[in-house]
Amino acid sequence: MSTNDDFQISAVDISVGKRVRDLRILSGLSRKEVAELISQEVAAVDATEAGFRRLRASEIITLAQAFRVSLCAFFDELDVNRSERRSGE
């Protein structure tokens with residue numbers, strides 16, 4: 001897994017990570033099973049769920065299929081207008 005020294009945790013990263021965790025638990029999948037689905041280590045799933053790692057688009061699609069949800073399910077709780085205002089300040 002590559003790292004990015006410029007990566008800063010955002011509210012969006014934390015929110016998406018929480019949704020991944022919630023959806024994983026609702027789906028009855030373990031962290032190990034999710035890691036295998038996205039070809040990552042369990043530590044990467046832990047980092048994602050904590051908001052320290054961003055998912056790739058392909059990983060979101062794979063997880064949506066595994067969790068049997070739409071792609072929007074990962075972003076349902078986001079207030080896009082509020083996020084845009086913050087990033088534009």
Student: Applying salt bridge (charged side-chain N to carboxylate O under 4.0 Å, His left out) as the test, list every pair that has at least one member in residues 28-41; sequence neighbours left out.
Tutor: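 Residue pairs with at least one partner in residues 28-41: Arg31-Asp46.
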Student: Can you run down the side chain to side chain donor-acceptor pair (under 3.5 Å) pairs that involve residues 18-28, sequence neighbours left out, and say none if there aren't any?
Tutor: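 Listed once each, the pairs are Arg24-Glu49.
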Student: Cluster question for you: counting only ILVMFWY and a side-chain heavy-atom cut-off of under 4.5 Å, with indirect links fine, are Ile61 and Val12 together?
Tutor: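 Ile61 clusters together with Val12.
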Student: Could you give the distance from CZ (Arg54) to OG1 (Thr48), rounded to the nearest 0.5 Å?
Tutor: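 One gets 11.5 Å once the value is rounded to the nearest 0.5 Å.
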Student: Side-chain atoms of residues 62-70: list all donor-acceptor pairs with protein atoms under 3.5 Å, sequence neighbours left out, distances to 0.1 Å.
Tutor:
residue: Thr62; atom: OG1; partner: Ser58; partner atom: O; Å: 3.0
residue: Ser70; atom: OG; partner: Cys72; partner atom: N; Å: 3.3

Student: Side-chain contact, heavy-atom cut-off 4.5 Å: Leu29 with Leu37?
Tutor: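 Touching, per the 4.5 Å side-chain cut-off.
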Student: Give the cluster check for Val20 versus Ile25: same hydrophobic cluster or not, with ILVMFWY residues linked at side-chain heavy-atom distances below 4.5 Å.
Tutor: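 Different clusters: Val20 never reaches Ile25 through Ile, Leu, Val, Met, Phe, Trp or Tyr contacts under 4.5 Å.
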Student: Give, for atom OG of Ser15 and atom CZ of Phe74, the distance between the pair rounded to the nearest 0.5 Å.
Tutor: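 Atom-to-atom, Ser15:OG and Phe74:CZ are 12.0 Å apart.
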Student: Do you reckon Leu71 sits in the same ILVMFWY cluster as Ile38, going by side-chain contacts under 4.5 Å, direct or chained?
Tutor: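 Yes; tracing contacts between hydrophobic side chains, which count when under 4.5 Å, links both residues.
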